[in-house]
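One structure is given here, and the rest of the page talks about it.
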Amino acid sequence: MADKIHKPRPISGFPEWLPEIRAVEMQWLDKIRAVFESYGYGSIETPSVEEIDVLLAKGETDKEIYTINRLQAEESDDSEARLALHFDLTVPFARYTAQHFNNLTFPFKRYQVQKSWRGERPQKGRFREFTQCDIDVINVDNLPLHFDAELPAVMFEAYQALDIPPVELRLSNRKIVQGYLQGLGVEDITTVTRTLDKLDKIRADGVINALSELGLDETLAKKCLAIAEIKTDDDSFADKLSSLGVSSPLMEEGIAELKFVMQNLAHLPKGSIKADLGIIRGFDYYTGTILEAYLKDMPKIGAIGSGGRYDDLAGSFINQKLPGIGVSLGLTRLFAVLLEAGHITPAAKAPTQVLVILPDESRRAEAAATARTLRTRGYNVELFHSDAKVKKQLSYAEKKGIPFVWFPPFKDGQAHEVKDMTQGEQLKADPENW
RNA sequence: GCGGUCGUAGCUCAGUGGUAGAGCGCCGCGUUGUGGUCGCGGAUGUCGCGGGUUCAAACCCCGUCGAUCGCCCCA
C-alpha cells in the first residue's frame, strides 16, 4: 500500500458509468447511428477544440466555454490560448462545411456523435461534459422546406429506437414569434422571448410579472404571453393565432412554414407532435423552424433534444450562403435521467458469452485452443485467468453474468461439457459445432 | 457568479461531547471437478482538510475544499 492514497472523488458534471451501464449506452449509440444512416446521413468527427474566434462567431456563449493551455507552457507562449473545447457540434459543423466546401456534395447531410463541454454549474440532468448526437443538412443558397419535417422525423425515430418512455416534439417557428412581437411594437424582442421561454417554469403570472418589470404595460404583457400559450396537436395553431388580431408578413411566412411541417409530420404517432408557440430556443442563429423534444412524463428535466433551421450558419467562415437545419439529441441528459429514474436495465457486466474453465495449468494450452475455436465461431470467450478451484471459476461467471461455462477435458479422452448458467444444466458438447 | 443542503468503511447510511458502528459488497472456510442460497470466520477508516473551544470533538464554533440541489443559462 502506498503511504498516501489520493481518495478518488467524482468530478462534478463529468459523468462516468459502470461497464454494465456503459454497455447500454453503447447500444443506444448504435441504434441512433443506425437511424441516422437509414436516412442517408454520413458521419464526421471534428476535433474537440476549435479556435475561440470560431466558437464565438455565433451565439453568446463567452463565459461557458473551456479554454485550453499546456501546464508546461511558458508564460509568453500563447500559441494555444486561442483554442477552446467546443460547446456544441453545430458551430464546428459550420466551420467544417466551409473548410471542406470544395470536396462536399450538397445538400450535405451529416451526423456527428461527440462529446461537448460547457463550463456551467452542473445540476440535475445538466453536465459539463456530455455526448450530443447531431444531425444536420446544409445546402448552398437554399434548402427545401421538407427537410424541416424530415429532421424532426429522424429525431423522433431515433428516440423510438431506444425503448424509452414517450417523447413529445414541440415545434414552432422563429418567424411567427418574431413577427408577432414586431407587430405588437415590442422593442427588446430578445429579452421578451427569453422571458416567454420560462413560461413552463414560472407560469403565466411569473411571465406577466417579469414582463412588467421590463417596462411592458399589462395589456402588452398579456398579448405577449398569449402567443406563448398556444399549443395544438395539428395546424390549428394558425386559427388561434389569427384570433389574437396581430399580423405581419414575417408572421404569415412562419405560419405557412409551420403548417407545412406539422402536416408533413402527421404520420407520427398521435400525441407525439405539438405546435407550441412557447418554444423559443436560446441560440440566436435560428431563423425558421425550431423544436424541442421532451419526455412526456418528465418535462421538468428540460429538453432532451432540440434544433432548428438557420439561414446562414457558415456565413462568417465562407462567402457562400449556406442555409441548413439540424437537430441535436442530448444523449447524456436523457441517459442519466432515465438511469436515475430506474428506466435503464443494466446489461451483463461483461460481453463474455462463454467462460472456459481452466482445469489446471498443465491444460492451459488445450483450454486456450478451445477458447480460440469458440471465438472463431463468433462467440465472445474468456479463458479463466488462473487454475483456481472450479467453484471459484463458476462464481466468477455468476458474478459477471456470463451465460455459459465451458468445461474442457479434465483428463485425457474426456468429453467437453457446457453448462447453461441460467438453467443450471450441463451437457456434453463439441466446440467445433456447439 | 449567487443561495440552500450535505461530507463517517468500496457503496448506502446510523452514531449530537466520553473506547468507530450496521447492512450490502470484498476475502477465506464448509475436503475430493460445479455458481446462486445458507452457516462460520476475516480485512478495510488521519469520521473531507485546517484551525478554535474543551479534561475530552465524528459531534460545538470558524475557515477551506468537494459534492449536491436551485438561480442565471442551457441538451
Side-chain angles (χ1 to χ4, degrees), chain A residues 1 3-15 18 59-65 86-90 113-134 155 159 167 190-191 194-195 197-198 200-202 206 210 279-284 291-295 298 300-308 326-337 340 355 357-360 363 384 387-411 414 417-426:
Chain A
M1 289 281 251
D3 294 345
K4 273 186 183 176
I5 57 169
H6 181 83
K7 194 171 176 176
R9 302 162 172 273
I11 301 175
S12 180
F14 290 77
L18 292 172
E60 41 196 297
T61 47
D62 40 331
K63 63 185 171 190
E64 53 184 40
I65 68 177
H86 58 234
F87 57 85
D88 73 3
L89 301 175
T90 306
V113 176
Q114 280 182 247
K115 297 227 159 129
S116 292
W117 296 266
R118 289 182 197 174
E120 319 167 310
R121 266 222 189 284
Q123 44 189 274
K124 209 182 199 69
R126 298 187 52 185
F127 300 92
R128 298 199 283 201
E129 177 178 73
F130 53 96
T131 300
Q132 297 271 87
C133 307
D134 267 39
M155 184 186 214
Y159 286 124
V167 170
T190 311
T191 313
R194 193 165 289 171
T195 306
D197 199 16
K198 291 178 195 161
D200 276 348
K201 195 174 273 181
I202 62 179
I279 294 298
I280 302 295
R281 306 292 310 123
F283 288 118
D284 59 7
L291 71 143
E292 291 185 347
Y294 287 86
L295 285 171
M298 295 180 243
K300 279 184 188 161
I301 64 161
I304 55 166
S306 63
V327 293
S328 176
L329 201 147
L331 184 91
T332 304
R333 167 175 293 181
L334 180 62
F335 192 78
V337 164
E340 205 198 314
L355 175 72
I357 294 282
L358 182 65
D360 60 70
R363 293 188 178 266
F384 196 79
D387 65 344
K389 290 180 179 174
V390 170
K391 186 186 181 74
K392 189 165 183 185
Q393 301 193 36
L394 276 166
S395 161
Y396 173 82
E398 170 70 25
K399 271 188 290 189
K400 273 185 114 173
I402 300 172
F404 293 97
V405 173
W406 195 277
F407 289 80
F410 276 60
K411 295 171 189 157
Q414 218 173 20
E417 291 179 4
V418 62
K419 183 182 180 92
D420 179 334
M421 293 297 279
T422 53
Q423 305 300 320
E425 66 176 1
Q426 186 166 331

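Both backbone and side-chain heavy atoms feed into the values below; hydrogens, waters and symmetry mates do not. Remember, predicted model here, so these are calculated numbers, not experimental data. To find a chain, count down the sequence lines: A is the first, B the second, and so on, and within it residues start at 1.
- Taking atom C1' in both B/rC49 and B/rG7, the straight-line distance is 11 Å, to the nearest Å.
- Taking the C1' atom of each, B/rA9 and B/rG23 are spaced 12 Å apart, rounded to whole Å.
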For nucleotides 31-40 of chain B, 5' to 3', base contacts (B), sugar-phosphate-only contacts (S) and non-contacts (-) with protein non-hydrogen atoms under 4.0 Å give --BBBB----

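- Separating the P atom of B/rU54 from that of B/rC61 is a span of 16 Å, rounded to the nearest Å.
- Rounded to an integer number of Å, the gap from CZ of A/R118 to C1' of B/rC74 is 6 Å.
- Summarising the geometry, the separation between CG on A/D200 and C1' on B/rA75 is reported as 16 Å, rounded to the nearest angstrom.
- Remark on RNA chain B: of its neighbouring residues A/G305 and A/S12, the 5'-side contact belongs to A/S12, judged by nearest-heavy-atom nucleotide.
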Below 3.5 Å between N/O atoms, which protein atoms pair up with nucleotides 5-9 of chain B? Just atom names and distances, please.
{"from": "B/rA9", "atom 1": "OP1", "to": "A/K7", "atom 2": "NZ", "distance (Å)": "3.3"}

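- Summarising the geometry, the separation between CD1 on A/I279 and C1' on B/rC74 is reported as 13 Å, rounded to the nearest angstrom.
- Using a 4.5 Å heavy-atom cutoff, the side chains of A/M421 and A/V405 are in contact.
- In terms of heavy atoms, A/F384 sits closest to A/Q393 at CB-OE1, 3.2 Å.
- For the pair A/Q414 and A/P409, the tightest heavy-atom approach, listed with the atom from each and the gap, is O-CG, 3.3 Å.
- Minimum atom distance to the side chain of A/I11 is reached by B/rA67, of the listed B/rC72, B/rA67, B/rC69.
- With a 4.5 Å cut-off on side-chain heavy atoms, A/L329 and A/I304 do not count as touching.
- A/Q123 has a side-chain polar atom (N or O) that falls below the 4.0 Å cut-off from OP1 or OP2 of B/rG70.
- Under the 4.5 Å side-chain criterion, counting only non-hydrogen atoms from C-beta, A/F130 is not in contact with A/R333.
- At least one side-chain heavy atom of A/L291 sits under 4.5 Å from a side-chain heavy atom of A/M155.
- B/rU44 and B/rC55 have their C1' atoms separated by 32 Å, given to the nearest Å.
- Contact of the A/E129 side chain with the A/I11 side chain is not registered, since no non-hydrogen atoms from C-beta on lie closer than 4.5 Å.
- Counting heavy atoms from C-beta outward, A/F14 and A/R128 have side chains that approach closer than 4.5 Å.
- Stacking between A/F127 and B/rA75 is absent: the aromatic ring centre is not both under 5.5 angstrom from the base six-membered ring centre and within 30 degrees in plane angle.
- B/rG25 and B/rA67 have their P atoms separated by 30 Å, with the value rounded to a whole Å.
- For A/E425 (side chain) and A/D420 (main-chain N/O), no donor-acceptor pair under 3.5 Å exists by modelled atom type.
- Following rounding to the nearest Å, A/K300 (NZ) and B/rG70 (P) show an atom-to-atom distance of 11 Å.
- Atom CD of A/E292 is separated from atom P of B/rA75 by 7 Å (rounded to the nearest Å).
- Minimum heavy-atom separation, A/T131 to A/V113: CG2-CG1, 3.9 Å.
- B/rC49 is paired with B/rG63 under the criterion used here, namely a Watson-Crick or G-U wobble arrangement in which both key atom distances are under 3.5 Å.
- Regarding A/R281, its CZ atom lies at a distance of 12 Å from the C1' atom of B/rC73, rounded to whole Å.
- Atom NZ in A/K124 sits roughly 17 Å away from atom P in B/rA67 (whole-Å rounding).
- Here, B/rG63 and B/rC69 have their P atoms 25 Å apart, quoted to the whole Å.
- Put simply, the side chain of A/Q132 never gets that close to the backbone of A/D88: no donor and acceptor are under 3.5 Å apart.
- Distance check: A/L334 CG to A/Y294 OH gives 13.5 Å after rounding to the nearest 0.5 Å.
- Side-chain N/O atoms of A/K198 include one lying less than 4.0 angstrom from OP1 or OP2 on B/rC72.
- Residue A/R121 places no side-chain atom within donor-acceptor reach of the base of B/rC72, judged by atom type and a 3.5 Å distance cut-off alone.
- Surrounding NZ of A/K400 are more than 12 heavy atoms belonging to other residues, nucleotides or ligands, all under 6.0 Å away.
- Residue-level contact check: A/S328 touches neither bases nor backbone, having no heavy atom under 4.0 Å from any strand.
- Side-chain contact between A/W406 and A/V418 is present, with at least one heavy-atom pair separated by less than 4.5 Å.
- When both distances must be under 3.5 Å, the Watson-Crick or G-U wobble mate of B/rG21 is B/rC13.
- Nucleotide B/rC2 has B/rG70 as its partner under the Watson-Crick or G-U criteria, with both atom distances under 3.5 Å.
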Would you list the protein and nucleotides 42-44 of chain B atom pairs, both N or O, that sit under 3.5 Å from each other?
none

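- Note on A/A397: nothing from the nucleic acid sits closer than 4.0 angstrom, heavy atoms only.
- Remark: C1' of B/rA75 and CH2 of A/W117 are 15 Å apart, rounded to the nearest angstrom.
- Rounded to a whole angstrom, the distance from the P atom of B/rG10 to that of B/rU5 is 28 Å.
- The separation of B/rC13 from B/rA56, taken at their C1' atoms, amounts to 27 Å, rounded to a whole angstrom.
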